[in-house]
Q: 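First, the structure itself, so that you have it in front of you.
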Amino acid sequence: MTVEAAPTEAERIWQVVARIPRGRVCSYGLVAELAGLPRRARLVGRVLSRLPEGSRLPWHRVINARGELSLPAGSEGGRLQRQRLEEEGVCFIHGRVPLTRFGWRGGP
DNA sequence: GATATGACCGCAA
DNA sequence: TTTGCGGCCATAT
């Protein structure tokens, strides 16, 4: 029997993050839920913070539930995240991304 | 083994 | 709107 190791939680999270469409953002909790790991948002944050360099994962599309970037602004990561999101056309309002549970309603 | 910390979340007041 | 609290759990000390 081929003992195929079940995908680790981290691998599931990577798969979900990799599925986030360009120009769209996702909250940690939503990523966790989509990965079949409800209420483990912190795990998502931990996994993303421990990503190997060059993983090509769009980690910058994952922000917190308030629509703000969790990485400290001013840090390299935070600046990179903001820059990449703006490059993808993500809408920033007062330094935030408008998140709604009912999807984007057509902003400004 | 126990304690502290962290790229968090949802709810109540 | 903000603040506080409980929940969650892998790592580090």
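Proteins come first, then strands; the chains are lettered A, B, ... in the order of their sequence lines, and each starts at number 1.
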Q: Does some side-chain heavy atom of A:Leu69 sit less than 4.5 Å from a side-chain heavy atom of A:Leu85?
A: yes
Q: With a 3.5 Å cut-off and sequence neighbours excluded, list the donor-acceptor pairs that the side chains of residues 32-50 of chain A form with protein atoms.
A:
residue : atom : partner : partner atom : Å
A:Arg40 : NH1  : A:Glu9  : OE2          : 2.4
A:Ser49 : OG   : A:Gly45 : O            : 3.3
A:Ser49 : OG   : A:Arg46 : O            : 2.7

Q: Using atom C1' of each nucleotide, how far apart are B:dA4 and C:dC8 to the nearest Å?
A: 15 Å
Q: Could you list by number each residue of residues 57-66 of chain A showing a heavy-atom separation from DNA chain B of less than 4.0 Å, or answer none if no residue does?
A: A:Trp59, A:Asn64, A:Ala65
Q: I need the residues from residues 73-88 of chain A with at least one non-hydrogen atom less than 4.0 Å from DNA chain C; give them sorted by number, or say none.
A: none
Q: Side-chain contact test, heavy atoms from C-beta onward, threshold under 4.5 Å: evaluate it for A:Ile20 versus A:Val25 and give yes or no.
A: no
Q: Between the protein and nucleotides 6-13 of chain C, are there any N/O to N/O pairs under 3.5 Å, and if so, what are the atom names and distances?
A:
residue : atom : partner : partner atom : Å
C:dC8   : N3   : A:Arg42 : NH1          : 3.4
C:dC9   : OP1  : A:Arg40 : NE           : 3.2
C:dC9   : OP1  : A:Arg40 : NH2          : 3.0
C:dA10  : O4'  : A:Arg46 : NE           : 3.3
C:dA10  : O4'  : A:Arg46 : NH2          : 3.2
C:dA10  : O3'  : A:Arg46 : NH1          : 3.4
C:dA10  : O3'  : A:Arg46 : NH2          : 2.5
C:dT11  : O3'  : A:Arg50 : NH2          : 3.2
C:dA12  : OP1  : A:Arg50 : NH2          : 3.2

Q: Sort and list the pairs that fulfil salt bridge (charged side-chain N to carboxylate O under 4.0 Å, His left out) and have at least one residue in residues 86-98 of chain A, not counting sequence neighbours.
A: A:Arg61-A:Glu88, A:Glu68-A:Arg96, A:Arg82-A:Glu86
Q: Send over the distance from A:Leu37 CG to B:dC8 P, rounded to a whole Å.
A: 17 Å
Q: Side chains of A:Trp59 and A:Leu71: does their closest heavy-atom pair fall under 4.5 Å?
A: yes
Q: Could you work out the separation of B:dT5 and C:dG7 based on their C1' atoms and round it to a whole Å?
A: 16 Å
Q: Please report the distance, rounded to the nearest Å, between OH in A:Tyr28 and P in B:dC8.
A: 6 Å
Q: Do A:Ile63 and A:Leu80 share a hydrophobic cluster, counting only Ile, Leu, Val, Met, Phe, Trp and Tyr and linking them when any side-chain heavy atoms are less than 4.5 Å apart?
A: no
Q: Show the nearest heavy-atom pair for residues A:Leu57 and A:Trp14, with the distance to one decimal.
A: CD1-O, 3.4 Å
Q: Considering residues at least two apart in sequence or located in another chain, which fulfil the side chain to side chain donor-acceptor pair (under 3.5 Å) criterion with A:Ser27?
A: none
Q: Whole angstrom is fine here: how far is it from CZ in A:Arg96 over to C1' in C:dT2?
A: 11 Å
